[in-house]
2 protein chains.
Amino acid sequence: MAGGISLKELAAELKLAPSTVSRALNDSYEISDATKKRVISMAEKLNYHANPFARSLRENKSKTIAVIIPERINNFFAQVVDGIEEIAQEHGYHLLIYNTHEDLERERKIVNLLLNGRADAIVMSVTSQTSDISHLQKLHDRGLPIVFFDRIRADIPTTKFITNDYESAFEGTKHLIKQGCTKIALLTLGKDLSISQERQRGYSDAILSEGMELNPALTLYCSHEEPHNVKLIQELLLSSDRPDGILSSAEKLAFATYQAIKRTKLRMPSDVKLISFANSSIAGLLNPSLTTITQPALSIGNECAKLLIKKLTKPKHYELLDQVITIPSQLTIRESTLQE
Amino acid sequence: MAGGISLKELAAELKLAPSTVSRALNDSYEISDATKKRVISMAEKLNYHANPFARSLRENKSKTIAVIIPERINNFFAQVVDGIEEIAQEHGYHLLIYNTHEDLERERKIVNLLLNGRADAIVMSVTSQTSDISHLQKLHDRGLPIVFFDRIRADIPTTKFITNDYESAFEGTKHLIKQGCTKIALLTLGKDLSISQERQRGYSDAILSEGMELNPALTLYCSHEEPHNVKLIQELLLSSDRPDGILSSAEKLAFATYQAIKRTKLRMPSDVKLISFANSSIAGLLNPSLTTITQPALSIGNECAKLLIKKLTKPKHYELLDQVITIPSQLTIRESTLQE
DNA sequence: ATAAAATGCGGAATCGATTTCGAAAATTTT
DNA sequence: AAAATTTTCGAAATCGATTCCGCATTTTAT
């Protein structure tokens, strides 16, 4: 607005045509080295910066990737975004970031906002409420490259990045069993969520594979409100179905469990053992320290960005195939599942 | 790219001039209700979406605010961004978010990227290394509205939002003294940082006001590497200057302190009491639970965005005055400073 | 030395939406 | 019924950078 001269003004100053200046700045072979140097030095002197919107309009691309996440105050999502940004920055891409706050209505609005081409591509993880996907379908139909991660939707034919939710839950549950647990509870979020289903399947299969019984009362469908979850977990811990092991499928549910346990007279890990999907570095600081399944958040972000940028820069050579790419999580055993 | 028709095509379909269609869609008084309805319904039918770059080019504004933070995996900054986004969304603004990773060189690059007008305004918190500010000066000179929060630079004449760092540190230190501490350490980050200086001043004044002595060995300048900080704190705890109270000016330094204490034979709070600036909800979960000074992150974000949007929409009526606006933090006493 | 090709640059159209200027058409006023 | 408005809309310029097309001038080939 205030500062900033245009290409035309720069050209006038140099007594050259705008087309020549443009080519010089873009290092075109049609321009002699002498004038290139002259143009570049004058551009620096006058502090010229190309208007990104004129360029976007002309080239029909914005050098911008939109990222849609359901929560910002969440180590996993924050790390994924860091991973995306790392690659994006290397390639001169900017990041528009949107938080849906786990609200489907907000997700719809944001997605509709992106229908106009403001971003060249989208990386997203859906809300735990997302059942109807017409808004996502519309995005995909429009030809906008989109990849999903973690919370994916199988019904949109594109590439998705996840961790090995099934195996991790399976392994985590097995670990609890090996530590002597016989009544294992599962804390989960939305039923419609891809990852919830996978983790639940892993949990169930592990229990069945050991010849143990599945007790539906031991699966807790939690919400996004901390106090409510704490109460729910507390009730479970005081019920006749009291579990001696808990597999939590989200970091915040593990925190709620610490709270709930604190309110009962139970001791961790002697009375109840806990393992959780988690990405926070404080897992080791909790008392007892928390056994975790850590998702490869940074890598997931990296891969999402790499794939999209390939697709954007060489659209002929790369397709967003309808496939799910899995990057394994890591199990870190700490005190919360220690056998005493 | 693929989908999407232009205004001209929409106009042709309607057998109207592009100008008319534009006005109809923008609800101009010059267009009859009848044609407005006709245009709008056809626009919906054909799924028309205005090209944001054409509009930005013409109107010389992007409806975008850039946010620059030094860390993404940090509850304080994440909350501030949530606060900014809340207001921005209400007004149809988009957020370009950049993480400098506490790296001055990266900060410079990002700031230079914004020199071309891609964003209408900037909200930022500088890195702990930022001493030279010529890059920020350039931004400001260019007339780009910019506000700082938390980590501010007094030498750029614009509005800054902070919390009452001096008073909070003063009060926090007083609290430790009241709990019986006689040798209080301060954990701090960059020396050049505005907030560090304020907090240090509050810490010092509190100690002096009680007639106690300041011991320079009790001020620890920490880095951004967790292991290094843990080692540093551990050494302090084992030295002859062993403190019985610690004021930490960042959440992660508090976590490092928990680690360090765990490695010594010391007990918290009996041997050492700890109070920290922190915004994470897990403070209450730690063992012992952590006494915190919580910054009003969401409000800070809200206010930054409100002010900028006022400035952007009514530039004549609002100026970004060279002033510092303070929003108070809140002290929450927990077990880590309990007297036994 | 003349034809052919390559080099270096300018003119003008283009991307898509907004807006100024102006002109019909419809309405109201006298 | 003629004049003055008001309503409603169209033509064309504009924002700034890119690029197709064209035209000199210089270099290379024959």
Side-chain angles (χ1 to χ4, degrees), chain A residues 1-40 42-43 46-64 92 113 115-120 142, chain B residues 1-40 42-43 46-64 92 113 115-120 142:
Chain A
M1 188 184 250
I5 64 165
S6 72
L7 185 74
K8 206 190 296 183
E9 296 171 293
L10 176 57
E13 198 67 36
L14 286 159
K15 295 191 193 306
L16 286 173
S19 48
T20 304
V21 176
S22 172
R23 279 185 277 242
L25 291 173
N26 289 312
D27 201 30
S28 160
Y29 69 98
E30 308 182 85
I31 306 298
S32 72
D33 286 346
T35 47
K36 271 184 193 170
K37 274 182 193 155
R38 208 161 70 83
V39 169
I40 290 171
M42 180 63 86
L46 299 185
N47 229 298
Y48 168 79
H49 292 274
N51 183 314
F53 307 116
R55 183 173 284 164
S56 288
L57 176 59
R58 177 65 215 237
E59 310 213 308
N60 199 31
K61 59 185 179 193
S62 61
K63 282 274 190 176
T64 300
L113 243 36
L115 241 34
N116 61 13
R118 186 177 283 270
D120 294 341
R142 214 175 172 76
Chain B
M1 189 185 244
I5 64 165
S6 72
L7 186 75
K8 208 190 292 182
E9 295 171 294
L10 176 59
E13 197 67 36
L14 285 159
K15 295 191 193 303
L16 285 174
S19 49
T20 304
V21 176
S22 171
R23 278 185 277 240
L25 291 174
N26 289 313
D27 201 29
S28 160
Y29 69 98
E30 305 182 86
I31 305 297
S32 71
D33 286 346
T35 48
K36 272 183 193 170
K37 275 183 190 152
R38 209 160 69 84
V39 169
I40 291 172
M42 181 63 85
L46 300 186
N47 230 298
Y48 168 78
H49 292 273
N51 182 313
F53 308 117
R55 183 174 286 163
S56 288
L57 175 59
R58 177 64 213 238
E59 310 213 309
N60 199 30
K61 59 186 178 192
S62 61
K63 282 270 186 180
T64 299
L113 244 34
L115 241 34
N116 61 13
R118 185 177 284 270
D120 294 341
R142 214 173 171 76

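Just so it is clear: chains get the letters A, B, ... in the order the sequence lines come, proteins before strands, and each one is counted from 1. As the structure is a prediction and not an experimental result, all values here were calculated from the model.
Judged by distance alone, with hydrogens and angles left aside, the side-chain atoms of A:S22 form no donor-acceptor pair with the main-chain N or O of A:P18 at under 3.5 Å. A side-chain donor-acceptor contact under 3.5 Å links A:N116 to the backbone of A:R118.
Every pair passing salt bridge (charged side-chain N to carboxylate O under 4.0 Å, His left out) that includes a residue from residues 17-34 of chain A is listed here, sequence neighbours excluded: A:R23-A:E30, A:D27-A:K36.
By the neighbour-count criterion of 12 heavy atoms within 6.0 Å, atom NZ of A:K63 is densely surrounded, having more than that number from other residues, nucleotides or ligands.
Rounded to 10°, the angle separating the first-five-pair axis and the last-five-pair axis of the helix from C:dA1-D:dT30 to C:dT30-D:dA1 equals 40°.
Distance B:D33 CG to D:dT7 P: 12 Å, rounded to the nearest Å. When the C1' atom of D:dA17 is taken as reference, atom NZ of A:K63 falls 16 Å away, rounded to whole Å.
For B:E13, there are no side chain to side chain donor-acceptor pair (under 3.5 Å) partners at least two apart in sequence or on another chain. For B:D120, the side chain to side chain donor-acceptor pair (under 3.5 Å) partners at least two apart in sequence or on another chain are B:S62.
Contact footprint of chain A on DNA chain C: nucleotides with an atom under 4.0 Å from a non-hydrogen protein atom, first to last in 5' to 3' order, C:dG8 to C:dG16.
Heavy atoms of A:S56 sit nowhere under 4.0 angstrom from any nucleic acid atom.
Nearest heavy-atom pair, B:G117 versus A:F53, reported as atom, atom and distance to 0.1 Å: O-CE1, 3.4 Å. Between A:L25 and A:Y48, the shortest heavy-atom contact is CD1-CE2, 3.6 Å. The minimum heavy-atom distance between A:A54 and B:L57, with the atom names listed, is CB-CD1, 3.9 Å. Here the closest heavy-atom approach between residue A:A50 and residue A:R55 is recorded as CB-NH2, 3.4 Å.
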What protein N or O atoms touch nucleotides 18-22 of chain D N or O atoms at under 3.5 angstrom, if any, and at what distances?
from	atom 1	to	atom 2	distance (Å)
D:dT18	OP1	A:R55	NE	2.7
D:dT18	OP1	A:R55	NH2	2.8
D:dT18	OP2	A:S22	OG	2.9
D:dT18	OP2	A:N26	ND2	3.3
D:dT18	O2	A:R58	NH1	2.1
D:dT19	O4'	A:R58	NH2	3.2
D:dC20	N4	A:R23	NH1	3.0

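Toward the 5′ end of DNA chain D lies the nearest nucleotide of B:K36, the other residue of the pair B:A54 and B:K36 mapping further downstream.
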